[in-house]
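These notes are about the structure you will find just below.
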Amino acid sequence: MKTNAAPEFDDPLRSGDEASRRALALLWLADSSPLAAAPPDALPAVRARLSLDTPAAPRRRPWRVISLAGWAAAACLAVLLWQRPEKTPEVVAQPPVKEKHVRPRTVVPDKHTAPESSAPEAGTVQPLNDPAALRRQLVEMKESLKTPPTSPPGTHRPVIRELLPPGAASSAAGGDRVFDLLANALESDLTRRSATGHARELIIESGWANWTAALPPDTTFRHRSFPAARWQELGLLKGEGGQFLDPATGWLWSPDPDSTDYTGRIAPTDLDRTAFTRREEEQTVATTTATPAGWLLTGANGETIISLNNLPSVPLGSSVRFNTFDTTGSMISYGLPDATITTEGWDFSGFIPAGSNTDFDRGFTLEVLTPTGGSNVILGTVQP
Amino acid sequence: MDGACRQLGLSELLLRMAAREEAALTEFHAIMADRLFSMALRMLDDREAAAEVLQDAMVRLWNSATRFDPARGDGFTWSAMILRGLCLDRLRRRRRELPGAVNHMAGEIPSGTPGGMEDLFFRETITLVQRAMESLEPAERDCLRAALFRPETTAEHAAALGLSTGALKVRIHRAMQRLRALLAPATEL
């Protein structure tokens with residue numbers, strides 16, 4: 001197969017050749033899904049190679065590390081939204097975000113890696129343990145959330161849209177959650193960027209890291225909402241003292257004695273694996289009491305992340321879809337993968353690329369279609 | 001697929017790139033970088049190499065955008081084929097430099113990116129492709145993936161699969177025919 005356009009075939013041959021290319025391209029794309037985020041320095045490097053000026057487009061952040069489901073993905077884009085090239089970014093919240101006092105939390109470095117991880121990356125990284133820098137950034141973010149949008153009409157700016165269950169009114173709690181989301185994202189981002197040298201501690205706000213085997217062996221994780229209640233579902237082995245061993249990745253997760261977090265690292269070679277079990281009776285049954293929540297986070301470049309959290313299980317055989325509109329007012333529906341939707345409290349994140357002509361301002365619903373033909377809206381944008 | 005491409009406006013962006021409109025390059029990158037990077041990563045199984053190939057592809061797309069003819073195909077396919085050529089070059093170079101190295105055969109490495117993000121825009125298309133692939137015989141899938149992802153010649157593929165070159169070509173041809181038929185809703189012009 002050649003990489004350039006087909007030579008001068010007659011029409012049927014050319015059509016067949018193009019159809020084959022298209023089928024192969026589709027197959028390749030499908031085999032590559034879900035997607036990984038491209039390196040953030042790719043575009044500047046390309047422009048430099050082409051001797052083009054540096055673009056004024058928003059800078060992309062290296063967010064693949066936390067491109068997990070749910071809040072982590074949302075947190076990631078939140079950082080992207082907030083840390084715009086401009087000094088004073090503008091965030092439009094729908095509904096309006098209310099001010100909330102948030103105490104900057106101190107991230108406790110992993111005990112075993114603190115000496116190395118405390119060293120900031122020269123020149124580019126704000127040290128995590130610099131309380132002044134963290135406080136300053138949090139204050140700036142807080143102010144930016146309070147400030148009403150002042151961008152001229154037509155100017156691209158980040159937009160956060162809250163999704164609520166039908167009949168639910170937006171509340172201060174919703175605004176608080178947006179702020180918490182941003183604050184946590186900032187903190188995680190600072191933490192992640194400050195993790196350098198041989199040891200690196202990464203933060204997971206939520207979701208399950210089943211890809212840790214691909215990381216450097218000196219990486220450690222701090223998981224702020226470790227799914228301990230789902231250990232059997234996740235295929236973990238439970239040990240004494242609340243430790244969990246992931247046989248798929250070889251990672252050992254231990255409760256942090258100073259917080260509710262868990263820390264994860266490659267299990268030491270001398271670990272007594274016989275002390276870990278899959279026994280049913282040791283499972284701690286948790287009750288899901290969280291409220292469904294969702295966000296549409298649209299960056300200044302037009303890309304939108306959809307983040308759904310704590311959604312209720314749906315009947316077997318149901319399908320879930322997003323409904324929204326394009327710029328002409330025509331309805332668009334996206335099917336949701338159905339692998340996880342029978343689990344209570346499932347999360348999902350996905351994105352709609354820039355340039356897709358999607359107009360979320362016209363409305364957005366997350367709808368369940370049951371096998372019996374029923375339909376139920378779980379979440380939607382707040383209608384004025 | 002073509003509908004999706006039209007919505008994404010890739011052809012228009014490539015035409016604007018051909019006219020040396022720098023903003024079009026930025027827009028094209030915003031839309032396609034993750035996809036092209038993931039596809040390169042799938043083929044090369046090497047993040048660093050995939051990042052380099054992404055850059056090479058973007059440079060080549062910019063430099064050769066004047067040769068893009070929307071009447072002959074969509075922008076996504078054209079971009080993917082340029083990327084594929086660069087990936088194959090990289091794999092062949094790797095094979096020359098490390099003749100004993102084992103190539104990652106498509107199917108031997110997990111598809112997609114664990115923890116990656118769902119591409120909702122192409123979700124239905126991707127589901128259609130995956131279902132179409134599942135409907136093929138395993139041997140047909142192997143042949144197609146080998147033809148798409150591996151740098152060896154057809155004769156080498158045939159030897160690896162224990163087939164004659166002619167038999168492999170026939171199998172690939174038939175598999176492509178079936179795949180194209182199954183994907184007709186997604187690939188019709």
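Not measured: the values here are computed from a predicted model. Below, each value reflects all heavy atoms present in this structure, side chains not excepted, and no hydrogens, waters or symmetry copies. To find a chain, count down the sequence lines: A is the first, B the second, and so on, and within it residues start at 1.
With a 4.5 angstrom heavy-atom cutoff, B/Asp69 does not touch chain A via any of its atoms. For chain B, the nearby parts of A/Leu27 are the backbone and the side chain; heavy atoms of each come within less than 4.5 Å. For B/Leu36, no part lies under 4.5 angstrom from a heavy atom of chain A. Only the backbone of B/Ala40 comes within less than 4.5 Å of a heavy atom of chain A; no side-chain atom from C-beta onward does.
Here B/Ala80 is the residue among B/Ser64, B/Ser79, B/Ala80 with the most heavy-atom pairs under 4.5 Å with chain A. Taking B/Met39, B/Met176, B/Glu27 one by one and counting their heavy-atom pairs under 4.5 Å with chain A, the maximum is reached by B/Met39.
Expressed to the nearest 0.5 Å, how far CE of B/Met133 lies from CG of A/Leu26 amounts to 11.5 Å. For the atom pair CG (A/Leu24) and OG1 (B/Thr77), the distance works out to 9.5 Å, reported to the nearest 0.5 Å. Considering CE of B/Met81 and CH2 of A/Trp28, their distance stands at 6.5 Å, rounded to 0.5 Å. Distance check: B/Gln55 CD to A/Asp41 CG gives 6.5 Å after rounding to the nearest 0.5 Å. The distance from atom CG of A/Leu50 to atom CE of B/Met58, rounded to the nearest 0.5 Å, is 8.5 Å.
Atom CZ of B/Arg174 has 12 or fewer heavy atoms from other residues, nucleotides or ligands within 6.0 Å. Open room surrounds CZ on B/Arg131; 12 or fewer heavy atoms of other groups in view lie less than 6.0 Å from it.
For the pair B/Thr26 and A/Arg47, the minimum side-chain heavy-atom distance is below 4.5 Å. The shortest distance between side-chain heavy atoms of B/Arg145 and A/Asp31 falls below 4.5 Å. Proximity of B/Val129 to A/Leu29: side-chain heavy atoms (C-beta onward) are nowhere separated by under 4.5 Å.
Residues B/Ala51 and A/Pro39 share a closest heavy-atom pair of CB-CG, 3.6 Å.
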